[in-house]
Amino acid sequence: MAKRTDPIGVFDSGVGGISVLRALLHKMPGENYLYYGDSANAPYGTRTPEEVTALASNVASKLADQGVKALVVACNTSTSVAMETLKKNHPELIVVGIEPSVGLAASQFPEGHIGVLATPATIAGRRFMYQAEPYPNAKISLIPAPNLVEIVEAGKYDTPEADAYLGNLLRPYIGKLDALVLGCTHYPFVEKALHRVLGEQVAFFDGSSITAEETYRQLLAAGLLNEDGGAVQIQNSLQDKKILTLCMELLGTQEEI
Ligand code: DGL
């Protein structure tokens, strides 16, 4: 039986879900958190749906075994292919996923040109496209970004290497976009590089705040909200201290982004 003081489990293929953890901490600073990054197996976004489902299920079980009261799937790729399996495997837990926030972007730019930047797996699944249906005049461009996760995992998110990669990938869109949806939880960390490439006028949208709101709503409904904690524990499948240091560095970028 879950208790109020049990931690919220948050996981991603690697360090990207820290952008969701930041939003969760902002919304619910009194919760305890257990974050798991599967960096040894990142990236997920160039794998088959079966592989992603198997990896995400394995990580979810690790967190469930450590007594979390909820699972936040802080990975768009895992959400898009593995959500049903995760809910089926853990009927005792609140399970919340993250989707590219296309609906929010389109509601603010209903006549605009909106880019959706995501992993190849998330783009191929097109699961989020239903959000654009109420906005038939919005022009949506789907932009898969293989290798961008690796740049963030290597800690090179605010470097000339990130600028060069994004400059090349986004060249056809420079000067054309009103908004860009950051459809992978690693991407909020390249926001500065994206602004350098696209200019300051493009609005960015990511799903972290919506996910934090939804987690809050579900915990409240279950009577499981905690205001007396605040502990954050970070685990990673990569047995390398550097990855934990990177997670703490990314968690500390809260004020800037
Ligand atoms: N942060 C994950 C996501 O939101 C990245 C997946 C990957 O490892 O490719 O999709």
Side-chain angles (χ1 to χ4, degrees), residues 9-24 35-60 63 71-83 85-86 95-102 104-105 115-129 131 142-157 162 165-166 169 180-191 194 204-212 214-215 234-238 243 246-247 250-251 253 257:
V10 184
F11 79 89
D12 179 39
S13 63
V15 302
I18 295 284
S19 62
V20 180
L21 180 59
R22 285 187 316 195
L24 288 161
Y35 180 88
Y36 193 96
D38 194 12
S39 295
N41 293 304
Y44 281 10
T46 44
R47 294 178 183 272
T48 64
E50 292 74 23
E51 286 174 323
V52 174
T53 302
L55 289 168
S57 301
N58 181 38
V59 174
L63 289 170
L71 267 181
V72 176
V73 186
C75 173
N76 292 263
T77 307
S78 300
T79 300
S80 83
V81 301
M83 204 53 186
T85 303
L86 297 175
V95 184
V96 180
I98 184 164
E99 284 189 323
S101 49
V102 173
L104 186 61
V116 181
L117 193 66
T119 66
T122 300
I123 295 285
R126 297 176 67 96
R127 293 278 289 264
F128 51 87
M129 283 304 281
Q131 298 177 30
L142 302 181
I143 312 170
N147 304 326
L148 188 49
V149 163
E150 287 94 318
I151 289 174
V152 179
E153 287 287 314
K156 296 178 177 168
Y157 52 96
Y165 173 87
L166 291 168
L169 180 75
L180 184 69
V181 172
L182 309 182
C184 165
T185 55
H186 282 71
Y187 300 172
F189 299 115
V190 293
E191 210 165 298
L194 283 166
F204 296 151
F205 294 86
D206 75 73
S208 58
S209 301
I210 298 173
T211 304
E214 180 60 18
T215 307
I234 296 183
Q235 300 175 348
N236 198 288
S237 55
L238 208 58
I243 204 80
L246 176 61
C247 286
L250 295 174
L251 198 53
T253 58
I257 295 178

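Numbers here are sequence positions counted from 1. The figures here come from the full heavy-atom set of this structure, side chains too, leaving out hydrogens, waters and symmetry mates. Quick caveat, the model's predicted, so the values are computed rather than measured. Remember, it's 1-based here, ligands and their atoms both numbered in the order they're listed.
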Is it the case that the side chain of [X] and the backbone of [Y] share a donor-acceptor pair, with hydrogens and angles ignored and the cut-off at 3.5 Å?
{"X": "Gln131", "Y": "Val102", "result": "yes"}
{"X": "Arg47", "Y": "Asn41", "result": "yes"}
{"X": "Ser237", "Y": "Ala40", "result": "yes"}
{"X": "Thr79", "Y": "Glu99", "result": "no"}

Nearest heavy-atom pair of Ala118 and Tyr187: which atoms, and what distance? C-OH, 3.4 Å
Which bit of [X] is near ligand 1, meaning a heavy atom under 4.0 Å away: side chain, backbone, both or neither?
{"X": "Thr77", "result": "both"}
{"X": "Asp12", "result": "side chain"}
{"X": "Asn76", "result": "both"}
{"X": "Ser13", "result": "side chain"}

May I ask you to identify the nearest protein heavy atom to atom 9 (O) of ligand 1, giving residue, atom name and distance to one decimal place in Å?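 It is Gly45 N, 2.6 Å.
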Could you identify the single nearest non-hydrogen protein atom to atom 7 (C) of ligand 1 and state the distance to 0.1 Å?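 The answer is Tyr44 N, 3.1 Å.
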Pair Thr85-Thr53, side-chain donor/acceptor within less than 3.5 Å: no
I'd like to know if Gly14 contacts ligand 1, where contact means a heavy-atom distance under 4.0 Å to any ligand atom. no
Taking only heavy atoms of Val149, which atoms of ligand 1 are found under 4.0 Å from at least one of them? 5 (C), 7 (C), 8 (O), 9 (O)
What atoms of ligand 1 come closer than 4.0 angstrom to any heavy atom of Thr119?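 Listed by number with element: 6 (C), 9 (O), 10 (O).
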For side-chain contact (heavy atoms from CB on, under 4.5 Å), just list the numbers for Leu169 and Leu117, CA-CA rounded to whole Å, side-chain angles, deciding distance to a tenth of an Å, and then say yes or no. CA-CA 10 Å; Leu169 180 75; Leu117 193 66; 3.7 Å; yes
Quick check: Cys184 and ligand 1, any N/O pair under 3.5 Å apart?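 No.
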